[in-house]
Amino acid sequence: MTVNDFILKSYSNQIENGGVTWESPSNIALVKYWGKKANQIPENPSISFTLNTCKTITTLTYSKKDDTSNFDFEVYLDGKRHDGFKPKIQTFFERVLVYLPFLKDYNLKIETSNTFPHSSGIASSASGMSALALCLMSLERQFDTKMTSEFFNKKASFLSRLGSGSACRSIEGDLIVWGKTDVVEGSSNEFAIKYPYKVHENFKNYQNTILLVDKGEKQVSSTVGHNLMHNHPFAKQRFEHAHQNLNKLKQILESGNLNDFISLIESEALTLHAMMMTSNPYFILMKPNTLKIINKIWDFRNSTNLPIGFTLDAGANVHILYPKKEAHRILEFIKNELVAYCQNGHYICDEIGLGANQLL
Ligand code: PMV
């Protein structure tokens with residue numbers, strides 16, 4: 001399969017207007033994507049859990065127009081016009097036009113909302129871009145009614161990637177790999193695939209509680225962050241390290257060893273932050289409460305032997321990961337000891353999910 005296979009070669013002009021709605025989840029990386037080449041090609045492979053509760057719901061309404069020289073679209077967030085999203089979507093449309101040549105033929109109305117609070121510090125780019133890509137694929141499917149669901153998902157992932165790299169891992173669940181690696185057959189830099197190997201029962205229904213330590217805008221956008229890996233003194237080692245970690249994780253996923261799993265994901269999270277602390281310019285994205293939570297988790301784990309671990313994305317919030325069967329005791333601990341470190345006591349309970357759904 002090459003990128004050219006994603007170009008819609010011919011399409012009829014039959015579809016006048018219509019609408020479609022998708023919901024698409026966020027995802028949390030276990031081995032992180034941090035650093036990219038041109039065209040959103042990752043410097044290293046990554047793997048993530050697809051989430052279930054944190055989702056974007058997007059409705060795309062389209063109607064044929066006469067002037068096909070420009071994109072014509074409006075964006076609404078929670079029912080209100082939101083021009084702030086337009087530049088990012090404009091860039092996305094420019095990137096994907098070659099694959100979706102009908103884009104300038106329609107007036108597009110994009111209405112979007114998130115199930116998680118807008119100002120929660122949780123990035124909505126993965127769920128948002130994948131939801132939009134899926135809506136566009138539903139429109140494309142009307143021109144190509146014989147399209148297989150395999151192609152639909154692959155191209156949706158491919159388009160999502162061009163919107164926001166990690167968004168390509170939100171189409172399906174529950175464990176998703178993106179980026180070429182010898183360790184995972186069929187893996188690609190262009191789109192994400194379902195993790196194709198055996199996964200131990202321990203990882204089924206894995207829980208993710210997100211502690212909202214800082215609900216502000218991200219201090220460093222991921223575009224800036226990825227660019228910091230250019231000329232980074234430890235970039236080469238980090239990219240190799242990610243390959244090695246994916247290899248290790250494959251064995252852990254098969255064996256079900258939760259201690260090794262926790263060591264690996266925590267090390268990945270701290271490595272991501274170490275990259276930001278050692279780039280030029282440098283950033284500390286953790287807050288004092290992030291560190292307090294991490295230390296509390298370590299103390300609790302040492303005293304109880306419960307398999308609780310954390311990961312971080314490029315911000316201060318902490319994602320706690322644990323098996324469902326330990327949920328009762330771990331949630332008690334979170335409520336009693338960790339919520340005090342969350343902004344306004346806010347946290348979100350999520351779990352591993354199976355991917356996006358078409359609603360209409
Ligand atoms: O998809 P982007 O460009 O927003 O980058 C996401 C980067 C991390 O969330 C920090 C890691 C990852 O793999 O999701």
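Remember, it's a predicted structure, so these values are computed and weren't measured experimentally. Numbering of ligands and ligand atoms starts at 1, following listing order.
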*Can F261 and Y206 be said to form a ring pair (Phe, Tyr, Trp, His ring centres under 6.0 Å), step by step?*
CA-CA 12 Å; F261 178 74; Y206 227 70; 5.4 Å; yes
_Strictly below 4.0 Å, N to O, side chains only: are R238 and E268 in salt-bridge contact?_
yes
*Give a yes or no on whether the backbone of E172 and the side-chain of T50 come within a donor-acceptor separation of less than 3.5 Å.*
yes
Put together the list of close N/O pairs, under 3.5 Å, between ligand 1 and the protein, could you?
from     : atom 1 : to   : atom 2 : distance (Å)
ligand 1 : 1 (O)  : S164 : OG     : 3.3
ligand 1 : 1 (O)  : S166 : N      : 2.8
ligand 1 : 1 (O)  : S166 : OG     : 2.7
ligand 1 : 3 (O)  : S222 : OG     : 3.2
ligand 1 : 3 (O)  : H226 : NE2    : 3.0
ligand 1 : 4 (O)  : S222 : OG     : 2.8
ligand 1 : 5 (O)  : H226 : NE2    : 3.0
ligand 1 : 13 (O) : Y33  : N      : 2.9
ligand 1 : 13 (O) : R169 : NH1    : 3.0
ligand 1 : 13 (O) : R169 : NH2    : 3.2
ligand 1 : 14 (O) : R169 : NH2    : 2.7

_On the six-membered ring of Y99, is K155 placed so that its NZ or CZ lies under 6.0 angstrom from the centre and within 45° of the ring axis?_
no
*Kindly work out whether a path of hydrophobic side-chain contacts (I/L/V/M/F/W/Y, heavy atoms less than 4.5 Å apart) joins L291 to L312.*
yes
_SB check E254 K250 (cutoff 4.0 Å)_ = no
